[in-house]
Amino acid sequence: MSFWARLVPMSGTLTRCLLLGSVLLVSGGGVAQADPLRVAVASNFMGVATQLAANFEAEFGYPVTLISGSTGKHALQIQHGLSVDLVLAADVERPALLEQQGLTIPGTRFTYALGRLALWQPQAVSPGPETISHSDGATVALANPKLAPYGLAAQRALIRLDPAVSVKRVYGENVAQAYQFVYSGNAQLGLVAYAQVLSQPPTSYWLVPGSLHAPIEQQAVLLKETHVGRAFWRYLQSEKALELIREHGYDTP
């Protein structure tokens, strides 16, 4: 069962942490480490980040704590004192802003993934560009465009696909919550990350053309200069890591 499929039925701590954008998990293993590396991760990237953290720990012996949430909320929390070593954002703007504010290690900002947006309608045979305009009265889930780059991309695509605004919208705090709305049946369809639907068994989705929204360029930046932080920063740029990222439905630079 995939990461995202496992995530939804977990109504306990894990799901609540995702909804609240709070500390999520420490990768498994038994390595004792007083100060695990702390990484703020855009919610769309949690599935692959979990595997990257586990692989890093297995190879180098350092545990990694992943903190899931919307990129906008992470940036605000960091500006107000949230202590993390590295940020894996869902856009360029927030890492650049943190850099301008002197909160990052100079020269460490880089693009680690190029995201894709998918229209997901589990009950449909074959959704397509006409699906939304033919779904009068249906509820569409998307992330909050004010906090989440995937939400902003979804909003722009939705306006182009449904100029008459015939569908109802329900907003998740982040794209993980938008995904949950569809998975739970509280929304009939959703505009979510391609990586999320790709983690499902064969399902019904339409890969939204990039021409319908702004590029979703996802950047990382180092906030603390530590041996472990620098090692993970390098690991993320290794061909081994990039191959895993591509396997999860992202493009890479």
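Numbering of residues begins at 1 and proceeds along the displayed sequence.
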Check your understanding: Partners of E130 by side chain to side chain donor-acceptor pair (under 3.5 Å), sequence neighbours excluded?
Key -> none
Revision key, fill the gap. For D85, the side chain to side chain donor-acceptor pair (under 3.5 Å) test, sequence neighbours excluded, returns none
Check your understanding: N186: what forms a side chain to side chain donor-acceptor pair (under 3.5 Å) with it, not counting sequence neighbours?
Key -> S184
Review point. Can you tell me if W233 uses its side chain to pair, donor with acceptor, with the backbone of T108 under 3.5 Å?
Key: yes
Review point. Would you find a donor on one side and an acceptor on the other, under 3.5 Å apart, between the side chain of R116 and the backbone of L207?
Key: no
Study note, to complete from the structure: Residues V41 and L66: closest non-hydrogen pair is CG2-CD2, 3.9 Å
Review point. Among all residues two or more places apart in sequence or in another chain, which pass the ring pair (Phe, Tyr, Trp, His ring centres under 6.0 Å) test with Y112?
Key: F45
Check your understanding: Just by distance, do the side chain of Q51 and the backbone of G47 share a donor-acceptor pair under 3.5 Å?
Key -> no
Practice item. Indicate the ring-plane relationship of Y235 and F60, choosing parallel, tilted or perpendicular according to the 30° and 60° boundaries. Key: perpendicular
Point to revise | Spacing of OH belonging to Y250 relative to CG belonging to N44, to within rounding of 0.5 Å | key: 3.5 Å
Practice item. Taking all non-hydrogen atoms of both residues into account, name the closest pair between T203 and P122 and its distance. Key: OG1-CA, 4.1 Å
Revision key, fill the gap. dist M46:CE -> N174:CG (nearest 0.5 Å) comes out at 10.5 Å
Point to revise | side chain to side chain donor-acceptor pair (under 3.5 Å) involving Q219 - partner list, sequence neighbours excluded | key: R109, T111
Exercise for review: Any salt bridge (Lys or Arg N to Asp or Glu O under 4.0 Å) involving residues 145-166? Give me the pairs, sequence neighbours left out, ordered by first then second residue.
Suggested key: none
Practice item. Examine distances only and state if a side-chain atom of T71 and a backbone atom of A89 form a donor-acceptor pair shorter than 3.5 Å. Key: no
Practice item. Please work out which of the three classes, parallel, tilted or perpendicular, describes the rings of Y179 and W120, given edges at 30° and 60°. Key: parallel
